[in-house]
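Note that these values count all heavy atoms, side chains included, but never hydrogens, waters or copies made by symmetry.
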Amino acid sequence: MILVTGAAGFIGFHVVRQLLEQGEPVVGVDSLNGYYDPKLKAARLAQLEGRKGFEFRRLDLADKDAASAFFSRNSDFTGIVHLAAQAGVRHSLVDPYSYIDANVTGHLVILESCRRLKDLNHLVYASSSSIYGDNDKLPFAVGDRVERPVSIYAATKLADELMTASYCHLFGFPATGLRFFTVYGPWGRPDMSAFLFTKAILAGEPIAVFNRGDMVRDFTYIDDIVSGVLAALDRPPPRGISERPHRIYNLGNHRAIALMDFIATIEKACERKAKIDFQSMQPGDVKTTFSDIEATSRELGYRPTTGIDVGVPKFVAWYRQYYGV
């Protein structure tokens, strides 16, 4: 039995769906908070509910008592994919407390539960490319310095990695952290660029483009991310007395895409030109993300295959269908 936290979220939904396709029984949990439209989360869940092998429980992992009760009733998990988190770099400047609750306390609750699950083979959890901060060494490699995060969100994700390393050392359960790079695709989050740009372009409204468009992102399609998550889940770090069973990997597309090229691809898929409102860089943001995935490919067999020329039209087609545009 696999537990997926954040099961109604963007990545969690896709991971659950693929696990079910593979015949794995899954318990999904999610707090269904109102950070973005709960109707989208409900619509994702509607795609999963009723499918053989799937159970859903509404749960806020930061509620220690409720989480403890849940794990006391459900102690036979062999794998956990922990994706529940308060997302969004910019929102962390507005409501930092929610990030401590969800990303630090919620993650600690998962770690405390893992140390007590006798059948657990592996914890896979979401980290973020944001922890690289404003590093100017490219591409970003797991061994690079990460002690200078430039947002509260990034700081919480770095805290998750450090706490997990400590727990793996102390209690010996295997865990793998995955640093996601700018994930996009069908059923994506409304606060992310692909969604925001597509929505505005189709509505004939201006799009806000920060740093006057001088930005680069390693845009990674959701199907490639899911393949990486499941590859990691199947390959736990080895347990051993002399080595803490904890690994970190980048999950990106290993392609540095100029933001203006990404916008041009969305324009082509929408068959409309964007009205661009150039703005200065926002606090907490970074100019460039670019993943080094050599270790991920070598050790997990990870091979991203979807470029923006394929992924963006798939997203736009989903958006048109879902919203009836």
Inset, instruction - Would you check if the side chain of Arg179 reaches a backbone N or O of Leu251 as a donor-acceptor pair within less than 3.5 Å? - result: no
Inset, instruction - State yes or no: do Phe10 and Ile308 share one hydrophobic cluster built from I, L, V, M, F, W and Y residues joined by side-chain heavy-atom distances below 4.5 Å, directly or via other members? - result: yes
Legend entry - Flag, side chain of His122 to backbone of Ala232, donor-acceptor distance under 3.5 Å: yes
Legend entry - Rounded distance (nearest 0.5 Å) linking atom OG of Ser92 with atom OH of Tyr97: 13.5 Å
Inset, instruction - Please round to the nearest 0.5 Å and tell me the distance separating atom CG of Leu230 and atom CD of Glu24. - result: 9.0 Å
Legend entry - Shortest non-hydrogen contact from Ser127 toward Glu161: OG-OE2, 2.6 Å
Inset, instruction - Calculate, to the nearest 0.5 Å, the distance between atoms NZ and CD1 belonging to Lys273 and Ile276 respectively. - result: 7.5 Å
Legend entry - Ile152 CD1: over 12 foreign heavy atoms closer than 6.0 Å: no
Inset, instruction - Would you mind reporting whether Leu123 and Leu111 have side-chain heavy atoms less than 4.5 Å apart? - result: yes
Legend entry - Glu49 and Arg44 ion-paired at < 4.0 Å: no
Inset, instruction - Verify side-chain hydrogen bond (donor to acceptor under 3.5 Å, both in side chains) between Asp60 and Ser31, making sure each step is shown before the conclusion. - result: CA-CA 5 Å; Asp60 181 355; Ser31 68; 5.2 Å; no
Inset, instruction - For the pair Asn250 and Tyr302, evaluate side-chain hydrogen bond (donor to acceptor under 3.5 Å, both in side chains) and give the outcome as yes or no after the intermediate values. - result: CA-CA 10 Å; Asn250 287 333; Tyr302 174 68; over 6 Å; no
Inset, instruction - For the residue pair Val124 and Tyr249, establish whether any side-chain heavy-atom pair is separated by less than 4.5 Å. - result: no
Legend entry - Ring centre gap for Phe315 and Tyr184 strictly below 6.0 Å: no
Inset, instruction - State plainly whether one hydrophobic cluster holds both Tyr322 and Leu45, where clusters connect Ile, Leu, Val, Met, Phe, Trp and Tyr through side-chain heavy atoms under 4.5 angstrom apart. - result: yes
Inset, instruction - Over all heavy atoms of both residues, which pair between Gly9 and Asp30 is shortest? Give the atoms and the distance, please. - result: N-OD2, 3.5 Å
Legend entry - Side chain to side chain, Arg189 and Tyr36, heavy atoms closer than 4.5 Å: yes
Inset, instruction - Give the minimum heavy-atom separation between Phe140 and Asn135, together with the two atoms involved. - result: CE2-O, 3.6 Å
Legend entry - Under 3.5 Å donor-acceptor, Tyr99 side chain and Leu93 backbone: no
Legend entry - Salt bridge present between Glu112 and Arg115 (N-O < 4.0 angstrom): yes
Legend entry - Where Ala154 and Ser151 come nearest, the two heavy atoms and their spacing: N-OG, 3.0 Å
Legend entry - From CA spacing to verdict: side-chain contact (heavy atoms from CB on, under 4.5 Å), His91, Asp95: CA-CA 6 Å; His91 187 67; Asp95 184 16; 3.8 Å; yes
Legend entry - Approximate separation, where rounding is to 0.5 Å, of Asp309 CG and Asp261 CG: 12.0 Å
Inset, instruction - Before giving the answer on side-chain contact (heavy atoms from CB on, under 4.5 Å), spell out for Ile2 and Ile80 the whole-Å C-alpha distance, their side-chain angles and the decisive distance to 0.1 Å. - result: CA-CA 6 Å; Ile2 306 298; Ile80 296 177; over 6 Å; no
Inset, instruction - Find out whether Asp223 and Ser227 are in side-chain contact, i.e. whether some heavy atom of one side chain is under 4.5 Å from a heavy atom of the other. - result: no
Inset, instruction - Find out whether Tyr167 and Cys114 are in side-chain contact, i.e. whether some heavy atom of one side chain is under 4.5 Å from a heavy atom of the other. - result: no
Inset, instruction - Give a yes or no on whether Glu271 atom CD has more than 12 heavy-atom contacts from other residues, nucleotides or ligands under 6.0 Å away. - result: no
Inset, instruction - Report yes if some heavy atom in the side chain of Phe219 is under 4.5 Å from a heavy atom in the side chain of Arg255; otherwise report no. - result: no
Legend entry - Cationic N near anionic O, under 4.0 Å, Glu21 to Arg17: no
Inset, instruction - Please report the closest heavy-atom contact between Gly252 and Pro304, naming both atoms and the distance. - result: O-CG, 3.6 Å
Legend entry - Trace of the salt bridge (charged side-chain N to carboxylate O under 4.0 Å, His left out) decision for Asp37 with Lys39: CA-CA 5 Å; Asp37 186 4; Lys39 292 180 181 178; 5.7 Å; no
Inset, instruction - Decide if atom NZ of Lys137 counts as having more than 12 heavy atoms of other residues, nucleotides or ligands within a radius under 6.0 Å. - result: yes
Would you list the atom pairs, donor with acceptor, under 3.5 Å between side chains in residues 197-209 and any protein atom, with sequence neighbours excluded?
| residue | atom | partner | partner atom | Å |
| --- | --- | --- | --- | --- |
| Thr198 | OG1 | Ala194 | O | 2.7 |

Legend entry - Side chain Thr220, main chain Asn253, donor-acceptor under 3.5 Å: yes
Inset, instruction - Using modelled atom types only, decide if a donor and an acceptor are shared between the side chain of Lys41 and the backbone of Asn33 within a distance under 3.5 Å. - result: yes
Inset, instruction - Establish whether Phe56 and Val29 are linked, either directly or via other cluster members, by ILVMFWY side-chain heavy-atom contacts under 4.5 Å. - result: no
Inset, instruction - Say whether Asp101 and Ser98, considering side chains only, have a donor N or O and an acceptor N or O under 3.5 Å apart. - result: no
Legend entry - Heavy-atom side-chain contact between Thr176 and Tyr125 under 4.5 Å: no
Inset, instruction - Could you check whether the rings of Tyr132 and Phe181 sit parallel, tilted or perpendicular, using 30° and 60° as the cut-offs? - result: tilted
Inset, instruction - Determine yes or no for a side-chain-to-main-chain donor-acceptor pair under 3.5 angstrom, with Arg272 supplying the side chain and Glu267 the backbone. - result: no
Legend entry - Ser68 (side chain) donor-acceptor with Asp65 (main chain) under 3.5 angstrom: no
Legend entry - Hydrophobic cluster identity match, Ile266 and Trp187, side-chain contacts under 4.5 Å: yes
Inset, instruction - Spell out, yes or no, whether Val4 and Val183 are grouped together once hydrophobic residues are joined by side-chain heavy atoms under 4.5 Å, including indirect joins. - result: yes
Legend entry - Donor-acceptor contact below 3.5 Å, side chain Arg51 vs main chain Gln47: no
Legend entry - Reported NZ-to-CH2 distance for the pair Lys314 and Trp318, which is rounded to 0.5 angstrom: 15.0 Å
Legend entry - Residue pair Phe70 / Arg57: nearest heavy atoms and the distance that separates them: CE1-CG, 4.0 Å
Inset, instruction - Under the side-chain hydrogen bond (donor to acceptor under 3.5 Å, both in side chains) rule, what do Tyr35 and Gln86 come out as? Steps first, then yes or no, please. - result: CA-CA 8 Å; Tyr35 169 60; Gln86 176 58 57; 4.8 Å; no
Inset, instruction - Measure from the side-chain N and O atoms of His14 to the backbone N and O of Pro186, and report whether any donor-acceptor pair falls under 3.5 Å. - result: yes
Legend entry - Arg239 side chain vs Gly172 backbone, donor-acceptor pair below 3.5 Å: yes
Taking distance alone, no hydrogens or angles, what donor-acceptor pairs closer than 3.5 Å link side-chain atoms of residues 286-295 to residues at least two apart or in another chain?
| residue | atom | partner | partner atom | Å |
| --- | --- | --- | --- | --- |
| Lys287 | NZ | Asp214 | OD2 | 3.2 |
| Thr289 | OG1 | Asp218 | N | 3.1 |
| Ser291 | OG | Asp218 | OD2 | 2.6 |
| Ser291 | OG | His254 | N | 3.2 |
| Asp292 | OD1 | Glu294 | N | 3.0 |
| Glu294 | OE1 | Arg298 | NH1 | 2.5 |
| Glu294 | OE2 | Arg298 | NH1 | 2.6 |

Inset, instruction - Evaluate the criterion side-chain contact (heavy atoms from CB on, under 4.5 Å) for residue pair His107 and Met163; output intermediate values, then yes/no. - result: CA-CA 9 Å; His107 191 79; Met163 289 192 298; 4.0 Å; yes
Inset, instruction - With rounding to the nearest 0.5 Å, note down the distance linking CG in Leu3 to OG1 in Thr5. - result: 6.5 Å
Inset, instruction - Check whether any side-chain heavy atom of Tyr153 lies under 4.5 Å from a side-chain heavy atom of Ser128, and answer yes or no. - result: yes
